[in-house]
Amino acid sequence: MDKLIATGGGPLKGRIRISGAKNAALPLMIASLLTDDTLRISNIPHLHDITTTMELLGQLGVRLQVDEKLAIETDASGVGSVRAPYDLVKTMRASILVLGPLTARFGRAEVSLPGGCAIGSRPVNLHIKGLKSMGAEIRIENGYIIADTGGSKLRGARIFMDMISVTGTENIMMAATLAEGVTTIENAAREPEVVDLADCLNAMGANISGAGSDEIMIEGVERLHGADHRVIPDRVEAGTFLVAAAISGGEIRINDVIPRHLEAVLDKLREAGCGLKSGEDWIELTTPESRLRSVNIRTAPYPAFPTDMQAQFVLLNSVADSTATVVETVFENRYMHVHELQRMGANIELDGNTAVIKGVKSLYAAPVMATDLRASACLVLAGLVARGETTIDRIYHIDRGYHCIEEKLAQLGASIRRVPGYYLERRSA
Ligand code: EPU
């Protein structure tokens with residue numbers, strides 16, 4: 001298994017380009033199941049989750065072509081299977097997104113239940129409830145969700161989401177594009193990735209309004225056609241690099257980003273004492289002479305502070321000048337990084353979903369283990385500001401969601417390298 005070795009050092013300085021958003025690209029690729037025509041999606045990030053999605057679509061019978069600029073062309077005219085197997089779903093929960101499109105277009109889907117996850121129980125009851133309201137019969141059999149419309153089309157329905165769910169909203173929205181009549185999703189997720197998907201579906205001939213608000217209306221159409229769509233920039237990757245520069249006392253310019261998608265994060269960086277400037281598609285951050293100020297955080301669905309940036313801000317507070325509280329309200333178990341940061345000298349007390357963090361002057365290196373995607377990013381950044389050499393193990397988590405993270409960090413002057421697993425294994429043999 002590969003490891004990353006990071007050495008704490010000077011400030012990170014320079015400019016980088018932000019990649020396409022993982023959480024936008026995955027549903028966009030899966031939307032290809034809704035049409036017989038060619039869908040072309042550009043600005044796809046080079047990530048493990050993208051490869052998994054390609055494998056999943058390939059197994060269903062979608063033909064895929066990737067060009068050298070990381071654009072993908074899909075052709076779902078030959079889909080021959082409606083089954084998303086456990087092997088793939090267990091490695092990537094977003095696979096649940098095939099449930100809506102397969103049921104809408106083929107009247108049947110068999111999708112493995114995702115099972116447990118490192119950051120919380122993450123049920124899919126809202127996805128199932130939505131499709132049931134639209135007339136699909138759903139049962140659970142041998143660990144699989146079996147959806148069947150009995151040969152009829154899905155019917156439009158009014159669906160209230162008990163909790164705000166990003167992929168839940170996306171699944172129902174995709175299914176509703178081919179349903180008979182109008183579907184309304186109330187208490188819908190407002191994330192930019194939901195809007196990006198709605199924009200692409202509309203370009204494919206769907207009739208969706210209200211995406212970006214908490215009520216989305218979808219008028220079903222007979223068929224969708226092909227389109228050419230560019231994935232929005234990854235706001236979490238952007239936020240992660242801003243935090244990296246901030247905690248190292250550096251300065252950074254990030255290009256190819258949409259600043260308004262990051263407002264809650266930029267607000268907190270400003271409150272921590274950073275200088276921020278932005279233009280249409282760039283953000284520049286400078287850091288104060290003195291230590292960063294600690295900032296209280298409460299995660300919640302967009303447009304509030306994103307749970308996907310919580311770990312990075314726990315780290316920022318760990319090296320800031322006083323005490324702050326971080327409250328995680330979206331996932332019940334998203335503090336695995338805390339125990340690893342404590343091993344690096346951070347002063348954090350956990351009480352349920354609240355972390356109380358007393359900043360320390362510096363962290364020290366330790367061997368640490370990545371547990372989920374964003375926790376891994378936080379540990380890599382911690383290694384870059386800690387005294388000594390930190391080894392981060394199980395970095396396959398980070399490869400799921402960050403495009404060439406060590407190359408981009410190195411471009412900013414970080415001392416970081418990847419050591420292939422086989423080399424470490426041979427050295428220790
Ligand atoms: N929930 C339910 N029932 C459901 C669905 C969700 O109770 O049927 C609960 C979840 O357990 C959670 C809350 O609702 O407590 C919100 O979960 P949501 O469904 O919004 O999460 P998701 O759609 O599974 C997406 C992102 C996550 C991101 C969350 C929250 C994708 C592929 N994943 O997950 O991204 O953290 O929204 O913003 O879009 C990541 O990129 O590292 C990541 C985990």
Side-chain angles (χ1 to χ4, degrees), residues 19-31 45 47-50 52-53 56 89 91-100 111 113-133 138 140 145 159-174 185 187-197 214 231-232 234-240 261 264-265 299-312 328-334 336-337 353 370-378 396-403 405:
S19 304
K22 165 181 85 78
N23 290 346
L26 302 179
L28 287 167
M29 288 168 69
I30 288 172
L47 302 172
H48 203 259
D49 273 6
I50 297 291
T52 309
T53 307
L56 172 61
V89 180
T91 61
M92 193 190 66
R93 301 181 60 85
S95 312
I96 187 71
L97 284 166
V98 302
L99 183 66
V111 181
L113 271 169
C117 169
I119 63 177
S121 59
R122 302 184 73 181
V124 290
N125 57 306
L126 296 170
H127 303 236
I128 292 176
K129 187 185 128 189
L131 285 176
K132 270 187 178 164
S133 319
I138 300 200
I140 308 294
I145 307 166
I159 298 165
F160 177 79
M161 309 287 277
D162 297 338
M163 286 185 80
I164 299 178
S165 167
V166 177
T167 49
T169 302
E170 291 167 346
N171 225 340
I172 296 166
M173 188 165 79
M174 286 193 278
I185 310 174
N187 203 25
R190 297 158 64 183
E191 268 66 3
E193 294 74 19
V194 173
V195 179
D196 200 32
L197 176 63
D214 60 3
V231 180
I232 53 168
D234 196 314
R235 62 196 165 101
V236 184
E237 188 199 21
T240 303
H261 290 170
V265 170
T299 67
Y302 191 84
F305 191 92
T307 173
D308 290 342
M309 285 299 299
Q310 177 257 104
Q312 300 86 322
E328 170 59 57
T329 76
V330 180
F331 292 112
E332 74 263 32
N333 187 29
R334 207 173 195 182
M336 307 290 265
H337 45 287
N353 68 346
T371 46
D372 79 74
L373 173 53
R374 309 303 169 188
S376 330
C378 145
Y396 51 84
H397 290 291
I398 213 161
D399 294 333
R400 292 186 49 195
Y402 287 88
H403 182 136
I405 192 165

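Order of listing sets the numbers, starting from 1, for every ligand and every atom in it.
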Peer 1: Indicate yes or no: does an N/O atom of Val330 lie under 3.5 Å from an N/O atom of ligand 1?
Peer 2: yes
Peer 1: Tell me, which protein residue and heavy-atom name are nearest atom 41 (O) of ligand 1, and how many Å apart are they?
Peer 2: Arg374 NH2, 2.7 Å
Peer 1: I'd like to check whether Lys22 has a polar contact with ligand 1, where a contact means an N/O of the residue lying under 3.5 Å from an N/O of the ligand.
Peer 2: yes
Peer 1: Students should be able to answer this: which protein heavy-atom is nearest to atom 43 (C) of ligand 1, and at what distance?
Peer 2: Asp308 OD1, 3.5 Å
Peer 1: Are any of the N/O atoms in Met163 less than 3.5 Å from those in ligand 1?
Peer 2: no
Peer 1: Please name all residues satisfying side chain to side chain contact (heavy atoms under 4.5 Å, CB included) with Thr329, sequence neighbours left out, ordered by chain then number.
Peer 2: Arg298, Thr299, Ala300, Val327
Peer 1: At a 4.0 Å cut-off, with the gap strictly under it, does some heavy atom of Glu193 reach an atom of ligand 1?
Peer 2: no
Peer 1: Just go through Ala25, Pro123, Ser165 and tell me whose heavy atom is the nearest to atom 4 (C) of ligand 1.
Peer 2: Pro123
Peer 1: Is the closest heavy-atom distance from Arg334 to ligand 1 below 4.0 Å?
Peer 2: yes
Peer 1: Could you say whether the N/O atoms of Leu373 and ligand 1 ever approach to under 3.5 Å?
Peer 2: no
Peer 1: Does ligand 1 have any atom that is closer than 4.0 Å to a heavy atom of Gly401?
Peer 2: no
Peer 1: Considering only non-hydrogen protein atoms, determine which one is nearest to atom 34 (O) of ligand 1 and report residue, atom name and distance to 0.1 Å.
Peer 2: Arg122 NH2, 3.3 Å
Peer 1: Taking side chain to side chain contact (heavy atoms under 4.5 Å, CB included) as the definition, give me every residue that meets it alongside Ser376, ordered by chain and number, with sequence neighbours left out.
Peer 2: Ala370, His397, Ile398
Peer 1: Taking the non-hydrogen atoms of Thr169, is any one of them nearer than 4.0 angstrom to ligand 1?
Peer 2: no
Peer 1: Considering distance alone, does some N or O of Thr307 sit under 3.5 Å from an N or O of ligand 1?
Peer 2: no
Peer 1: Is it the case that ligand 1 has an N or O less than 3.5 angstrom from some N or O of Glu170?
Peer 2: no
Peer 1: Under 3.5 Å, N or O to N or O, is Ala94 touching ligand 1 that way?
Peer 2: no
